[in-house]
Structure formats: structure tokens, C-alpha cells
Amino acid sequence: MELVLKKVSKTYGDLLVLNEINLNINEGQIVCIVGPSGCGKSTLLRLIGGLESPDTGSIEARGTPPPGCLNPLTYIFQDFSLLPWRTVEENISLVLEDHSLSAINRNEIIESVLQRTKLTEFSDRWPRELSGGMKQRVGIARALAVNPSVLLMDEPLSALDSQTSEILLNDLIELWKKQNFTSVYITHNLSEAIRIGHKVVVMSRRPGEIREIVNIDTDIADRKIRNIELEEHLWNLLKDEAIAAERELENG
Amino acid sequence: MGKKKYDYKPVPFRGSGFQFKNNYWISPVVFIIFLILWHVGTTIGFISNLVLPKPAEVLIAFHDLYVTGDLYLHVGASLKRLILGWTLGTFFGIILGFSIGLFSLVRAGLAPIVAAIFPVPKIALLPLFIIWFGIGELSKVNIILFGTLFPTIIAVYGAIDNVDRSLIRMGQSFNLSWFSITRKIVFPASLPAILSNFRITAAIAIILIVAAELIAAEKGIGAYVQMAGSLFAIDRLLAGIIILSCLGLIANWLIGFAEKKLLKWRNL
Ligand SMILES: Nc1ncnc2c1ncn2[C@@H]1O[C@H](COP(=O)(O)OP(=O)(O)OP(=O)(O)O)[C@@H](O)[C@H]1O
Ligand SMILES: [Mg+2]
């Protein structure tokens with residue numbers, strides 16, 4: 001599935017948060033969004049997934065979702081958003097229960113996503129018993145269970161320590177190599193964006209506008225751990241914005 | 001060059017205290033010491049028999065209650081009113097609390113009324129209830145119903161207001177139905193607050209039943225205590241008070257048990 005954003009704007013009260021965003025999210029591509037704090041990245045993602053509606057402009061989904069897709073636009077959350085009163089397995093089951101699936105079918109799906117996220121042994125644990133990395137694996141497993149056509153991720157790794165997030169980033173890359181999912185991936189971490197993105201969208205400070213879109217042609221499988229040159233280029237784009245945004249917050 | 005002398009001292013441990021250990025044997029020991037002091041005090045006359053009877057006399061009062069069948073009569077009457085009133089009050093409280101918590105129209109209509117009635121001490125309504133419902137069972141059940149209803153409504157919709165919005169967002173993002181979100185996210189999230197409110201309403205129910213039975217009743221623990229008081233039978237009075245304390249403890253234990261079963265995801 002492909003997403004097309006045309007002149008999307010959003011205001012909260014009289015605060016213009018997003019200003020005329022035009023963006024294409026192509027099938028099978030990961031689009032990374034970076035930008036200073038408070039520039040409206042999370043807002044943009046909520047608009048894309050239909051959790052909020054834009055004031056002006058349009059967001060279109062083109063193409064049909066894959067067969068067996070239960071929820072085309074699916075989120076992976078920064079704070080995991082697991083239900084503490086459900087075990088790992090039950091948390092995944094939650095998103096399947098509203099669909100008419102046989103119990104056997106449902107268990108097959110759960111087993112399969114647990115395996116893909118290396119959680120099989122932890123299926124009957126409570127969320128409080130898991131480390132942050134494990135919790136986010138559950139979040140990823142839950143998203144995979146509905147066989148989404150677009151994965152919407154808002155800083156999925158930023159609540160984790162750097163080693164864990166490195167491991168999970170690699171897992172996401174492996175997953176993409178197998179499934180070629182379409183994704184919008186918000187991050188603060190430039191090297192993360194360069195590792196996993198086909199496109200890196202750099203946003204300006206509020207009101208959020210697209211400053212530059214950097215295409216990365218190297219195959220995701222062939223990328224090095226770091227690409228200092230590109231990172232510096234992105235940082236130069238962001239630096240002034242970030243400093244200005246920081247000032248704004250300081251002065252109220 | 002002389003060597004510097006060092007003074008070796010272990011770092012003192014300062015982290016003790018402010019921490020509860022499980023000392024299961026302490027409370028029975030304290031209880032027994034208390035009984036012994038009571039017994040000795042009343043036997044040697046240090047405590048006047050007009051103030052406190054001997055522990056043995058209270059025991060005899062209990063024995064009398066048991067053999068005459070009055071224990072069953074009084075406790076049974078109070079329990080019936082308590083269980084009926086509390087269950088109805090809690091049931092309607094949860095339904096109304098959920099309606100106020102979930103539907104803004106209901107909230108706009110009912111929340112102000114609830115807020116207005118909630119602070120009225122329900123004991124003050126007792127004379128009114130007796131006029132309305134007579135001095136029989138109905139006024140007693142209703143006063144308990146009323147007394148538990150309002151705290152429950154407020155606790156339930158407060159609990160719903162406090163449900164983590166991000167979890168509801170999550171449910172919406174997976175296209176869960178309104179009913180699924182309510183049943184699988186909102187309800188379990190508010191359950192801890194609802195259960196801990198049970199402790200408060202159980203205590204309120206016991207206060208109200210005693211008050212109602214003190215005023216007008218032939219049966220019930222309140223009536224028994226009232227009779228004992230007017231006869232200056234302190235031994236029976238104390239027996240009644242001990243029964244009330246036991247009722248409270250049992251209610252508390254039942255709620256603790258429910259919490260352990262229903263909220264096992266919280267702690268081990
Ligand atoms: N529901 C809302 N009501 C009012 N203002 C909001 C709301 N959500 C976000 N905002 C404001 O919109 C702006 C953009 O918020 P948003 O969360 O999208 O930024 P962000 O780019 O995701 O920031 P960060 O990098 O810190 O996550 C902020 O100034 C925020 O205060
Ligand atoms: Mg954000």
C-alpha cells in the first residue's frame with residue numbers, strides 16, 4: 001500500500017503545528033522522519049494512522065492491503081502500550097479477538113509472531129516481568145499479528161538503552177528484508193535513520209514543514225553501521241533548527 | 001621520607017529502618033499480653049468493674065449469645081441487611097459510575113447531582129428514610145444502599161477518568177470495537193480503584209447498619225448493643241462491639257482475597 005499526503009496542515013488551538021506537508025510513502029519503503037523536538041512528528045504520525053484528522057489537506061491510502069491483513073495502518077509505540085493485566089500472549093491475542101478467526105487460526109498467528117520476535121519462551125509472562133527491549137518486542141509482535149501493510153513507528157527504540165536498541169534495530173532490518181513492509185519511522189537518532197530509511201525526511205521546527213528529503217540508495221542489507229558523511233549532512237540541516245527549538249522551549 | 005599513616009575503618013551501614021519485615025508472631029503476642037493485663041487489672045481491682053468486666057465475663061456473654069440462639073438471630077439480621085444493601089448499592093454504583101465515566105451526556109446530567117448528595121452524612125437521612133420506608137427492613141437496606149451508592153459512583157468514574165489514555169489510543173489504533181475497549185481496557189484498568197473502594201464502602205455499610213439498628217430495631221447487632229447499653233451490661237456491650245470488629249475484619253479479608261485473585265498481574 002502507498003500513502004500520499006497532500007498539503008496536510010494541523011493546528012491545535014491557535015498553534016500551527018504542521019504546515020502544508022506533502023509526502024509520498026511508497027510501497028515497501030521505510031520513510032524516516034527526523035526533526036527538532038516539538039516540530040510535530042508525532043502529530044504527523046497520528047494523522048497518517050487516522051487517530052486524528054488534518055485541518056486541511058488530504059491523506060490517501062492507495063492500493064489494496066495484502067490478503068490476511070487485519071489492520072492496514074498499525075502502530076508500534078514508544079512507550080510500548082502493553083496491557084499490564086494481560087500476559088505476552090494475551091496482549092497479542094487482544095488485537096485478534098475482534099476478528100472472526102478460529103481459535104486454531106488465532107493461536108497459529110500468535111505462535112508465528114512470537115517466534116519471529118524471539119519471544120516464544122516468554123509467552124505467559126506479565127509485562128512487568130519483561131525488560132524494556134522485551135516489551136518492545138511484544139509491541140512489534142502485536143503489530144505483526146495483524147499483518148499490517150504500513151507500520152507506523154514513533155521512536156520505537158528511544159526508551160531502550162543503546163545496546164538493546166541496536167539489537168532491535170537489527171531485528172527490524174532482518175524483518176524488513178524478509179517482509180519488505182512499508183513504514184513511517186520517527187526517530188531522534190540520525191544514525192538509526194540512515195541505517196533503516198530509504199528516505200530521510202528532515203523537518204523544520206514548528207510550524208513543522210519539510211525541509212529536505214534525503215534519498216538513500218544503498219540497499220539496506222549493505223549499509224555500514226555508520227555513515228559519518230551523511231550523518232553530518234543531516235546534522236547540519238538540523239542543527240540550527242534544533243538550537244532554535246531548544247531556545248523556544250527555554251523562553252517558554 | 002616517612003610513610004603516611006592511614007586510618008582503616010569500615011564504612012558504617014546506615015541503611016536500616018523504614019522497612020517493614022514480616023513479623024507474624026508479634027501481633028498474637030501483643031494480643032495475649034493485652035488479655036493478661038486486662039485480666040490482672042480487673043481481678044486486682046485496678047480497673048473498676050463498672051468500667052470493664054473481666055475478659056471471662058465477656059466470654060460468658062458470648063456463650064450465652066450462642067446457646068440462646070441470639071447470636072444467629074442478631075448477626076443474621078444485620079448480615080442480611082448489610083449484604084443486600086451493600087450489593088445493591090455497589091451494583092447500581094458501578095453501573096452509574098461507568099455511565100458517567102463513559103458518556104459525556106450522562107456525566108453532564110448526573111455528575112452535579114452526585115456531587116451534591118455525596119457530602120451529606122447519610123446518617124442524617126435516617127429519620128427521613130424511616131418516614132419514607134417505615135421502621136422495617138426497607139429503611140435499613142435503603143440507607144446502606146444509599147450510603148454505598150455515592151462513594152462507589154464517584155470512585156468508579158474517577159477510576160475511569162484516570163485510565164491511561166495511551167492504552168485507549170492503542171486499542172483504537174488496532175480498530176478494537178467500543179465494547180472491546182470498554183471491556184478489555186477501561187474495565188480492567190479501573191478495577192484496582194474499584195476494589196479498594198470496596199473497603200471504604202464496607203466500612204460505611206457497617207457504620208450505617210449499626211446506626212439504623214440503634215434507632216429502631218428488635219434484631220441486629222446494633223439493637224443488641226443498644227439493649228446491653230440500656231441495661232448497663234458492659235460484658236454484652238463488649239461482645240457486640242467485638243462482633244462488629246470481626247465483621248469488619250472478615251469484609252476486609254474477603255476484599256483482600258478478591259484483590260489477590262483479580263489483580264494477580266500487579267504483584268507476586
Ligand atoms: N493534543 C494536543 N493538543 C494541543 N497541543 C498539542 C497536542 N499534541 C501536540 N501538541 C503540540 O504540538 C506540537 C508538536 O507536538 P508533537 O508531539 O507532534 O512533536 P514531536 O515532533 O513529536 O516532538 P518530540 O520530538 O518531542 O516527540 C507541540 O508543541 C505540542 O505541544
Ligand atoms: Mg513525538
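Lettering of chains follows the sequences in order, A, B, ..., and the numbering in each one begins at 1.
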Inset, instruction - For Asp98(A) and Ser177(B), indicate whether the former's side chain and the latter's backbone hold a donor-acceptor pair under 3.5 Å. - result: yes
Legend entry - Check: Leu51(A) and Ser173(B) side chains under 4.5 Å, non-hydrogen atoms: yes
Legend entry - Arg183(B) and Glu97(A) ion-paired at < 4.0 Å: no
Inset, instruction - Specify the closest pair of heavy atoms between Met170(B) and Leu83(A), including all atoms of both residues, with the distance to one decimal. - result: CE-CD2, 3.9 Å
Inset, instruction - Using non-hydrogen atoms and a 4.5 Å limit, figure out which bit of Tyr75(A) sits close to chain B: side chain, backbone, both or neither. - result: both
Legend entry - Region of Arg46(A) that comes under 4.5 Å of a non-hydrogen atom in chain B: side chain
Inset, instruction - Pick one of side chain, backbone, both or neither for Leu152(A), based on which atoms fall under 4.5 Å of a heavy atom in chain B. - result: neither
Inset, instruction - Return yes when atom CD1 of Ile104(A) has more than 12 non-hydrogen atoms of other residues, nucleotides or ligands closer than 6.0 Å, and no otherwise. - result: no
Legend entry - Within 6.0 Å of CD in Glu121(A), more than 12 heavy atoms from elsewhere: no
Legend entry - 4.5 Å side-chain heavy-atom contact, Arg86(A) and Trp265(B): no
Legend entry - Atom group of Ile185(B) that falls short of 4.5 Å from chain A, counting heavy atoms: both
Legend entry - Side chain / backbone / both / neither for Val146(A) at chain B, heavy atoms under 4.5 Å: side chain
Legend entry - Nearest-0.5 Å distance that lies between atom CG in Leu176(B) and atom CG in Leu96(A): 10.0 Å
Inset, instruction - May I ask you to check whether over 12 heavy atoms, not counting those of Leu105(B), lie within 6.0 Å of atom CG? - result: no
Inset, instruction - Could you give me the CA-CA distance, side-chain angles and deciding distance for Arg169(B) and Glu52(A), then say whether salt bridge (Lys or Arg N to Asp or Glu O under 4.0 Å) is met? - result: CA-CA 11 Å; Arg169(B) 269 272 159 95; Glu52(A) 279 178 50; 3.7 Å; yes
Legend entry - Partner chain B: residue of Leu94(A), Thr87(A), Thr74(A) with the largest heavy-atom pair count (under 4.5 Å): Leu94(A)
Legend entry - Part of Gln78(A) within contact of chain B (heavy atom distance under 4.5 Å): neither
Legend entry - Exceeds 12 heavy-atom contacts within 6.0 angstrom, atom CZ of Phe34(B): no
Inset, instruction - For Phe103(B), look at atom CZ and say whether over 12 heavy atoms of other residues, nucleotides or ligands are found less than 6.0 Å away. - result: yes
Legend entry - Contact summary for Trp85(A) and Lys184(B), nearest pair of heavy atoms: NE1-O, 3.0 Å
